[in-house]
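Values reported hereafter were calculated over all heavy atoms of this structure, with side chains retained and with hydrogens, waters and symmetry mates removed. Start at 1 and go down the list; that is how both ligands and their atoms are numbered.
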Amino acid sequence: MSRELGNYNKRRENRIWTKDKCIKLVICVMIVPVWLTSMFYNLASVQRVIFTTKLASTSKHLFSPSHDLQLTEHQHYCDVSLRNTSLTYRFIDDAISYMKFRPRRAVLPEAYIHFTSGCSTYRSNRGFLMKNSTKREESFPIAYTLMVYKHVEQVERLLKAIYRPHNVYCVHVDGKSPLHVFKAIRSIAYCLPNVFLVSNRTNVIWGEFSVLEPEINCLKELFVHKVKWRYVINLTGQEYPLKTNYKLVMILRSIKGANDIDGSAAQIGSKGPYYSRIKGRPPPPHGITPCKGLVHLAASRKFVDYVLHNKTALDFLEWCKSMDIPDETYFNSLNNNKHLQSPGSFTGDIEDETRDSFIRYKIFDYDYGKCGSKYTVRGVCIQGITDLHLLTTSNKLFVNKFMYEFQPLAYDCLENWYFNQVKLEMAGQLEFNTTVYEKSTIVRYRYTPPEVV
Ligand SMILES: *[C@@H]1O[C@H](CO)[C@@H](O)[C@H](O)[C@H]1NC(C)=O
Ligand SMILES: *[C@@H]1O[C@H](CO)[C@@H](O)[C@H](O)[C@H]1NC(C)=O
Ligand SMILES: *[C@@H]1O[C@H](CO)[C@@H](O)[C@H](O)[C@H]1NC(C)=O
Ligand SMILES: *[C@@H]1O[C@H](CO)[C@@H](O)[C@H](O)[C@H]1NC(C)=O
Ligand SMILES: *[C@@H]1O[C@H](CO)[C@@H](O)[C@H](O)[C@H]1NC(C)=O
Ligand SMILES: *[C@@H]1O[C@H](CO)[C@@H](O)[C@H](O)[C@H]1NC(C)=O
């Protein structure tokens, strides 16, 4: 079986190698006469072409995230988009037509069954990091819940970035996903220690309790897992980290038990735009004011303990079953009702719009000007090459979101950037300034339960 995998990869590489060779040949044929001219006229632009060609043939990528990156042009587009705050229209057009004529070779879900038949070969071929984490990371495990429903390869690439063997990952594959998608993800999970599928699969229906259910099932299983994680982060298959595991650990340590879960009572109150979600329902128990917020979170272990086991929280969960879109209210309310004094919760002004939140880089259509790609789906900006510079310089932890078919270069470039950061860390570059997180309002106004003596 592992021979099959080897052959598959060889065929893949051959194909890439041939294409690579062809492109180089064409470039050479075109360049030689011009190059001769440039010897006389010293054309700077031509020198650039030769330089980038050389760069591509000498640079090997440590974790070979995408074979395409070994191509000169690919690398060039990444370098420019990562570096430049605003790209020229000419460059964007060129990049888009480049992507059009070089569509990504995606791995079919069916192939994963064979890929994963030899786990250690699979892990090393696909570049999973199995060692070389720092002591600091190992003593601060992170738990993840990962909600997925399609695009196995995208899920695999996300896992590859966030995976460290000392962390723990609970994956839920939507009950509606095709069987081959489920099987592929199950076979990937099987090869990765501490990655498991949640035991109960749910048919997720947007807006209903079924969105919250797999999340809570995952949290339950994570909580009793042998890995004593310190924080939990939840993701969907369409997100990507903007911080390495090392930096995430530095950040989560620096927020000192605070949760990053936003929420506003005004938004869902009787004068708010989301009032219909709770209108006509009985009042919530325990004097809880419902809040509406984003579905993304970073929560401390103590908070999750509270959410899963405290009677007040469980009563509120029952109440949430009667409302619409409870996933934007449940955790958000428990973190933003001062009187509950839940661990790490927010005790400041919840309606203050300047309140800090680091968990996601996410642009909504009312911020349309900030959506570089100018492409939104259900009101959320889909990241493209024009967004890369902002993504990589942002202080946010993860980005939402990537559609796997849209501007595939953007994902490749971000992935390459991410693994370069890891590489630098492994080479000993471990300074990271956490001041902005430490001094944030979520830390300043967090509720810390008194120590039990
Ligand atoms: C990159 O940015 C510089 C200015 O910062 C600009 O002159 C140049 O045209 C940009 N390059 C591309 C390819 O967009
Ligand atoms: C990872 O660690 C091993 C020793 O534990 C070392 O030999 C290897 O060079 C390291 N790899 C990287 C990429 O730093
Ligand atoms: C799985 O889900 C069903 C229906 O939601 C529920 O009745 C059952 O108790 C769940 N099982 C576990 C192990 O959580
Ligand atoms: C994250 O968790 C919250 C709380 O369970 C849930 O409402 C939300 O849907 C989850 N978000 C994602 C992206 O999975
Ligand atoms: C449960 O939560 C309520 C309200 O947040 C709190 O007053 C109570 O002390 C908690 N109970 C336990 C056992 O922690
Ligand atoms: C870290 O960043 C803050 C501002 O965000 C700055 O004031 C401080 O000097 C920086 N610390 C170091 C060691 O660079």
Under 4.0 Å from one or more heavy atoms of Y306, ligand 5 contributes atoms 1 (C), 2 (O), 4 (C), 5 (O)

Sub-6.0 Å ring centroid separation between [X] and [Y]:
{"X": "Y98", "Y": "H74", "result": "yes"}
{"X": "F406", "Y": "Y411", "result": "no"}
{"X": "Y163", "Y": "Y169", "result": "yes"}

Might you check, step by step, whether the distance between atom 9 (O) of ligand 1 and some protein heavy atom is under 4.0 Å? yes

If you scan the protein for heavy atoms around atom 3 (C) of ligand 6, do you find one that is closer than 4.0 Å? yes

Provide, to 0.1 Å, the distance between [atom] and the closest protein heavy atom, together with that atom's residue and name.
{"atom": "atom 6 (C) of ligand 1", "answer": "N84 ND2, 4.1 Å"}
{"atom": "atom 14 (O) of ligand 1", "answer": "T88 N, 2.8 Å"}
{"atom": "atom 5 (O) of ligand 6", "answer": "T435 CB, 4.2 Å"}
{"atom": "atom 13 (C) of ligand 5", "answer": "N310 ND2, 4.4 Å"}

For ligand 1, which atoms sit closer than 4.0 Å to a heavy atom of F91? 13 (C)

Report, in ascending order of atom number, the atoms of ligand 1 lying under 4.0 Å from any heavy atom of V80. 13 (C)

Check each heavy atom of L340 against ligand 5 and say whether those closer than 4.0 Å belong to the side chain, the backbone, both or neither. both

Is R136 positioned over the aromatic face of Y246, cation under 6.0 angstrom from the ring centre and no more than 45 degrees off axis? no

Any N or O of Q341 that comes nearer than 3.5 Å to an N or O of ligand 5? no

Do the rings of F346 and Y445 sit parallel, tilted or perpendicular, given the 30° and 60° boundaries? perpendicular

Between E405 and R104, does any NZ, NE, NH1 or NH2 come within less than 4.0 Å of an OD or OE carboxylate oxygen? no

Could you verify whether a donor N or O on one side chain and an acceptor N or O on the other, from T244 and E425, lie under 3.5 Å apart? yes

